[in-house]
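Following: one structure in structure tokens, then a few remarks.
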Amino acid sequence: MKKREVSRTLLLLTLAGSIGATSLSSCSSQESGEADTETTTASNDQAKMEIKKEAFGKTKEGEETTLYTLTNANGMQLKVTDYGATITSVLTPDKNGKLGDVALGFDSMDGYQSDAYLKSGPYFGSAIGRYGNRIAKGRFTLNGQEYKLAQNNGENHLHGGTKGFDKVIWQAEPLADQNALRLTYVSPDGEEGYPGKLTTTVTYTLTDDNEIKIDYTATTDKATPVNLTNHSYFNLAAGEANDALDHVLTINADKYTVVDGSLIPTGEQRAVKGTVMDFNTPTAIGARVKDVEGGGYDHNYVLSNSDGTLKQAATVYEPTSGRMMEVLTTEPGIQFYSGNFLDGTIEGRGGKTYSKHYGFALETQHFPDSPNQKDFPSTILEPGQTYKSSTVYKFSVKENAQ
Ligand code: GLA
């Protein structure tokens, strides 16, 4: 048997739960002499999963990109490309066990390079850095020096600039024994106007509890703002609905950061109680979306339970499929974005038109414009320190789903 076939057999056997780890490792080592460039399989006694690797297409500049597929014991799948450390696909079961894709994205680089996509800039599934969200007027002062960043969102700076971490190729390293993919990007001093050479890693782990765990680290050689996040859009109906307005959302936040007309915080943290911003009790996204200033939710919530360890930030439930998603994070904030700028110009997976509110994002983060806001938690990383941040998207099916 070829190693690839052995891996598949192992996968199936493991899925059926019919053999133990010891026999897995002995089987695997018998065949380990054969070269296999398409999969990375764990070879120790934890061995059970393979990480598939395939070509994903070229960037406009002609660089090759690669797609990695992680599968867990339940058959859940996570696909990540090294272009922008981007999550392209998340296959999870519904209440009948049927797998469906709950992430907005494309099956090749063509989608991420199309004019419509680049023009509307939705950042589907991408890693966002060096600074997620907005910095007012693309300026901040640090240690007495003013820095000027790319102004790529009106006069403001958004999501790391013109060529942020979502548009670069990361160095990928499959960690098959952890069912994880580690991606590394070294951002040179001065890139997009930021000070310091910043080395960032993002590790995506797919657990057998149907969790996508995202762990970030970063180190720098000069003080710099850092605020890393992931910009996945979800629709838990997996192609069976034309918007996400029926999804029932809970956000564990008593306050949000008030913004001006260009979505820059005024500095005020306002109570959500009694307003359309309150998601402390489960509420459909669409219930009050029309009453939100600016055409929908695009706000940073101040998480009530935040203490730097992983805490539940939000839950989302889609009644038709029965799918649930929980978001846990070490971050103090979460941007709830209800897909307001999706304008129907992008054709997505399965020929679906991604129109307004088709998907939503829950971006864990420090607060927007922190480098200019003295009362917000600091986002400055100093040389010698290590930035660390973790977020979990956990998928399940609600017990009493109809
Ligand atoms: C973030 C921003 C939004 C929008 C999207 C991408 O969520 O807060 O205003 O820019 O990214 O379209």
Side-chain angles (χ1 to χ4, degrees), residues 84-87 103-106 111-112 114-138 149-167 192 214 227-235 243-244 249 251 253 256-266 277 279 285 289 292-302 313-314 316 327 329 331 333-346 348 353-370 373 376 379 391 393:
T86 301
I87 293 179
L104 274 60
F106 308 101
Y112 297 92
S114 76
D115 291 343
Y117 186 80
L118 293 173
K119 194 156 165 251
S120 63
Y123 305 89
F124 289 165
S126 299
I128 303 291
R130 168 179 317 201
Y131 195 95
N133 218 311
R134 293 174 177 77
I135 296 179
K137 299 188 169 63
L149 307 172
Q151 291 170 287
N152 60 322
N153 187 242
E155 59 176 6
N156 299 323
H157 177 84
L158 176 66
H159 291 338
T162 315
K163 190 169 181 180
F165 290 6
D166 58 297
K167 293 188 186 66
E192 297 290 327
I214 311 179
N227 192 25
L228 304 172
T229 191
N230 176 272
H231 210 304
S232 285
Y233 290 62
F234 298 100
N235 184 321
D243 61 54
L249 173 68
I251 304 177
Y256 71 104
T257 50
V258 178
V259 285
D260 67 15
S262 72
L263 296 173
I264 293 294
T266 61
M277 303 302 290
F279 282 94
I285 292 175
V289 73
V292 181
E293 224 176 295
Y297 298 97
D298 197 355
H299 294 84
N300 171 64
Y301 282 80
V302 179
V316 195
V327 187
T329 188
E331 287 296 307
I334 197 165
Q335 182 88 2
F336 169 43
Y337 171 55
S338 55
N340 316 325
F341 302 127
L342 295 174
D343 59 5
T345 54
I346 298 174
T353 301
Y354 290 153
S355 47
K356 191 168 180 178
H357 307 313
Y358 187 93
F360 62 90
L362 287 165
E363 305 154 55
T364 56
Q365 58 180 13
H366 270 57
F367 307 165
D369 198 31
S370 295
Q373 299 278 348
F376 287 179
T379 51
T391 290
Y393 293 105

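Counting starts at 1 for both ligands and their atoms, following the listed order.
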Got a donor-acceptor contact below 3.5 angstrom from the Y117 side chain to the F124 backbone? yes

Just jot down the side chain to side chain contact (heavy atoms under 4.5 Å, CB included) partners of A136, sequence neighbours excluded, or say none. N156, I264, D369, N372

For residues 151-167, pull every pair meeting salt bridge (Lys or Arg N to Asp or Glu O under 4.0 Å), keeping only residues two or more places apart or in separate chains. K137-E155

Considering residues at least two apart in sequence or located in another chain, which fulfil the side chain to side chain donor-acceptor pair (under 3.5 Å) criterion with N133? Q335, Q365

Are the side chains of S114 and I346 in contact, using a 4.5 Å heavy-atom criterion? no

Below 4.0 Å from any atom of ligand 1, which residues have a heavy atom? Give them in chain and number order, please. G121, P122, Y123, R134, L158, H159, H231, Y233, L263, D298, Q335, Y337, F341, E363

Please lay out, stage by stage, how T364 and T391 fare under the test side-chain hydrogen bond (donor to acceptor under 3.5 Å, both in side chains). CA-CA 7 Å; T364 56; T391 290; 2.7 Å; yes

